[in-house]
Amino acid sequence: MNDTWQWLEDSALEIAPRLLNCRLVRTIDGHQLSGRIVEVEAYDQTDAASHSYKGRTPRTDVMFGPAGHLYVYFTYGMHYCCNVVVGRPGEGAAVLIRALEPLTGLPQMQVNRHGRPESELTNGPAKVCQALAIDRSMNGHELTQAPLLLEQQPALPPSAIVQTTRIGISREQDKPWRFYVRGNAFISKP
DNA sequence: TGCCTGATGTTCT
DNA sequence: GAACATCAGGCAC
């Protein structure tokens, strides 16, 4: 064990805003695709909207593992969404990556996204996965390893972060567990 | 511009 | 058999 992910070993609610401004770097076929995280949502086991709410299952196994791993799930029959596992092993907490601001590899992302305009490459959780070619084969991937890395960046000041209720869920809709970078053009639609 | 709906697979009840 | 942390295209206004 190492202390690489010590900064992720706190509650999802604490970690979610700290993931804003961090970078996600994906390597595909020698291309480097990267983006800055600009929108996230927190989920944990006490939360009825979370996959971990009903306990550990084969599907949610990764969520109950150590922090710093990727939890990828398939939804609505056609989309993948990716989460960063946080907290201590057994907590079942994760932070959903909802949107990125593309930094490098935009042409490759555009290919993955079927020629969508730059502003619509990564402004939604399923779009992020599509642009970075993340699928279920990367479930459980540790984010210190190629081909997908999470790079910590300085935390944003609270004044740069907006906290609101979450999007696209049917339970616990009143929990203000969504965080995004104030004024950023790449967050998903309200 | 904004609402509505179809597509589609995995998971759990 | 229904729910689902979604997206994109079509249609009405």
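Residue numbers begin at 1 in each chain, while the letters A, B, ... track the order of the sequences.
Atom CZ of A:Arg59 and atom C1' of C:dC4 are 8 Å apart (whole Å). Distance, A:Tyr76 OH to C:dA3 P: 11 Å, rounded to whole Å. Taking atom CG of A:Leu96 as the reference point, atom C1' of C:dC4 lies 13 Å away to the nearest angstrom. One interatomic measurement links the two molecules: CZ of A:Phe74 to P of C:dC7, which rounds to 13 Å at whole-angstrom precision. Spacing between atom OH of A:Tyr73 and atom C1' of C:dC7 amounts to 13 Å, rounded to whole angstrom units. A:Glu120 has its CD atom 14 Å from the C1' atom of C:dT6, to the nearest Å. The CD1-C1' distance, from A:Ile97 to C:dA5, rounds to 13 Å in whole Å. Counting to the nearest Å, the P atom of C:dC7 and the CD atom of A:Gln130 are 9 Å from each other.
C:dA5 is unpaired under the criterion used here, namely a Watson-Crick or G-U wobble arrangement in which both key atom distances are under 3.5 Å.
With no hydrogens or angles considered, no side-chain donor-acceptor pair links A:Thr60 and A:Ser52 at under 3.5 Å.
Note that the CG atom of A:Leu24 and the CG atom of A:Leu148 stand 5.0 Å from one another [nearest 0.5 Å]. Interatomic distance, CD of A:Gln145 versus NE2 of A:His69, reported as 9.0 Å (0.5 Å rounding). With rounding to the nearest 0.5 Å, the separation of CZ in A:Arg98 from OH in A:Tyr180 is 11.5 Å.
Within the 4.0 Å cut-off from OP1 or OP2 of C:dC4, at least one side-chain nitrogen or oxygen of A:Ser170 is found. Under 4.0 angstrom from either OP1 or OP2 of C:dC4 there lies at least one side-chain N or O belonging to A:Arg171. A close approach under 4.0 Å does not occur between any side-chain nitrogen or oxygen of A:Arg113 and OP1 or OP2 of C:dC7.
First and last contacting nucleotides of DNA chain B toward chain A (any atom under 4.0 angstrom from a heavy atom, 5' to 3' order): B:dA7 to B:dT13.
At least one side-chain heavy atom of A:Glu39 sits under 4.5 Å from a side-chain heavy atom of A:Ile167. Looking at A:Thr165 and A:Gln173, their side chains never come closer than 4.5 Å, going by heavy atoms from C-beta outward.
Cation-pi contact between A:Arg166 and A:Tyr43: present, with separation from the ring centre below 6.0 Å and deviation from the ring axis of at most 45°.
The side chain of A:His79 has C:dT6 as its nearest neighbour among C:dT6, C:dA8, C:dA5.
Using a 4.0 Å heavy-atom cutoff across all strands shown, A:Ala49 reaches at least one base atom of the nucleic acid.
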